[in-house]
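One structure is given below, encoded as C-alpha cells.
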Amino acid sequence: MATLVTQILPGLPTIDEHHVDRRRYPDGVAFMDGQYVHMSEAKISVLDWGFLHSDATYDTVHVWNGRFFRLDLHLDRFFEGIKRLRMKQPYDRNKITLILNNCVALSGHRSAYVEMICTRGSSPMFSRDPRQAENRFIAFAVPFGSVANKDQLERGLHVAISDTVRIPPKSIDPTIKNYHWLDLVKGLFDAYDAGAETALIVNANGHIAEGPGFNVFVVKDGSLRTPAFGVLPGITRRTVFDLCAEIGLLATAADVSGAEIKAADEVFITSTAGGIMPVTRIDDTVIANGLVGPVSRRLMDLYWQKHDDPAWSTAVMYP
Ligand code: PLP
C-alpha cells in the first residue's frame, strides 16, 4: 500500500511514497518536473546532457537547526552560473526559495543538505545543438552530510596532495559550480592509495588548488591564506573571510605551495558539507604539533554560532 505523506504545506501536492526503498535512497524530498517526490522517484532521462556531458550547474546550501545558512549567496552563485552557461529555467528567485523551503519542510529534516540543479536537459528532436535543449531544474533536500566525521573534526584530517592537475579555468570556469570531478575523484583514489582520508589537488602552476568539494586555508603567524587561482569561490571560504574581517584577522587569496602548506601553523578545509574542518597531517608531515589549532577552533565556533543569527541565516517554514 502506498503511504501518503500527510505532513505537507497547504496547497502542495502529496508525496506518494509507493516504491520507496529506504535501503537505497536517503530519506528526503526532491522537486522535479513541477512535482515534489520522494528521493527514490527523482530520476532523469539518460539522454539529459547533464548526465551525458556534465552539462549542468548546481549549488548546495545547508540547513542547520531549521535554518538555511547564507541562502542568498548560494542563490546568487546559482543564478550567475545559469546565466553564464546560457541556460533558462522557469523559476524566479522567490519561487526557487519556496521550492527549496518546501523540499526541506516536506522532508521534515531540521539539518539538511539542499541542492538546486539546472541541467542542459535534452532536445525533443535529439538535436546535438545545445540551443535546442530544454533545460531542467531539479532541487532536493536530504540529511546533512559532512566531509569530515566527528572523530576527524576532533583530531583533524589526514590529507594527501595528489599531483593531479585541477581542470584549468580556461577550459572550465571554476566560478560556475559544476560536476567536472574526474580530477578530484582521481585525487581521492590517490589519497586512499597513500593511506590518507581525503585529497588536495594542484593547479596548472603546481600550487595547491582545492579538494573534492572543499577549499583549503593555511594559517601562518596569525594570518590566513587560501588559493586564489583555479578554484571554486566557495561560500564557506567567503564566510571565513567575513569572520576574519569581524575578528580582525588578515585573510588573503594567493598562491599556496605544497611546501608552504606543510610548514603552516594550522590548516583547515571549508565546505557547505561540514563547514570549517581541521587538517592535522598532510602526506607524511604532521602540521605544527599535530593538534587542532586555536585559530581553526575559534573560526569553527564562530561559524556555527552564526547559524542562529538572522543576519546570516533564514528560518525554514515547516508546516
Ligand atoms: N570546491 C569545490 C570543487 C566544490 O565542489 C565545493 C563545494 O561543493 C567547494 C569548493 C566548497 O564550496 P562551498 O563552501 O560553497 O560549499
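Remember, it's 1-based here, ligands and their atoms both numbered in the order they're listed. Remember, predicted model here, so these are calculated numbers, not experimental data. Here, residue 1 is the first one in the sequence, and each next residue gets the next number.
Just one residue in the list Asp72, Ile176, Leu232 forms a side-chain contact (heavy atoms from CB on, under 4.5 Å) with Arg77, and that residue is Leu232.
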Identify all side-chain donor-acceptor contacts of residues 138-148 below 3.5 Å with residues at least two apart in sequence or on another chain.
{"unit_1": "Ser146", "atom_1": "OG", "unit_2": "Ala148", "atom_2": "N", "d": "3.1"}
{"unit_1": "Ser146", "atom_1": "OG", "unit_2": "Ala148", "atom_2": "O", "d": "2.7"}

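The side-chain hydrogen bond (donor to acceptor under 3.5 Å, both in side chains) analysis of residues 266-278, with sequence neighbours excluded, yields the pairs Glu266-Ser296.
Residues Ile208 and Ile287 fall within the same hydrophobic cluster, defined by Ile, Leu, Val, Met, Phe, Trp and Tyr side chains chained together at heavy-atom separations under 4.5 Å.
Checked against ring-ring contact (aromatic ring centres under 6.0 Å, His included), Phe31 has the following partners two or more places apart in sequence or in another chain: Tyr36, Tyr91.
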Could you go through ligand 1 and list every pair where one of its N or O atoms sits under 3.5 Å from a protein N or O, giving the atom names and the distance to one decimal?
{"unit_1": "ligand 1", "atom_1": "1 (N)", "unit_2": "Glu210", "atom_2": "OE1", "d": "2.7"}
{"unit_1": "ligand 1", "atom_1": "8 (O)", "unit_2": "Lys177", "atom_2": "NZ", "d": "2.5"}
{"unit_1": "ligand 1", "atom_1": "14 (O)", "unit_2": "Ile235", "atom_2": "N", "d": "3.3"}
{"unit_1": "ligand 1", "atom_1": "14 (O)", "unit_2": "Thr236", "atom_2": "N", "d": "2.9"}
{"unit_1": "ligand 1", "atom_1": "14 (O)", "unit_2": "Thr236", "atom_2": "OG1", "d": "2.6"}
{"unit_1": "ligand 1", "atom_1": "15 (O)", "unit_2": "Arg77", "atom_2": "NH1", "d": "3.1"}
{"unit_1": "ligand 1", "atom_1": "15 (O)", "unit_2": "Arg77", "atom_2": "NH2", "d": "3.0"}
{"unit_1": "ligand 1", "atom_1": "15 (O)", "unit_2": "Ile235", "atom_2": "N", "d": "2.8"}
{"unit_1": "ligand 1", "atom_1": "16 (O)", "unit_2": "Thr272", "atom_2": "N", "d": "2.8"}
{"unit_1": "ligand 1", "atom_1": "16 (O)", "unit_2": "Thr272", "atom_2": "OG1", "d": "2.6"}

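Across all their heavy atoms, Leu47 and Ser122 have their closest contact at O-CB, 3.4 Å.
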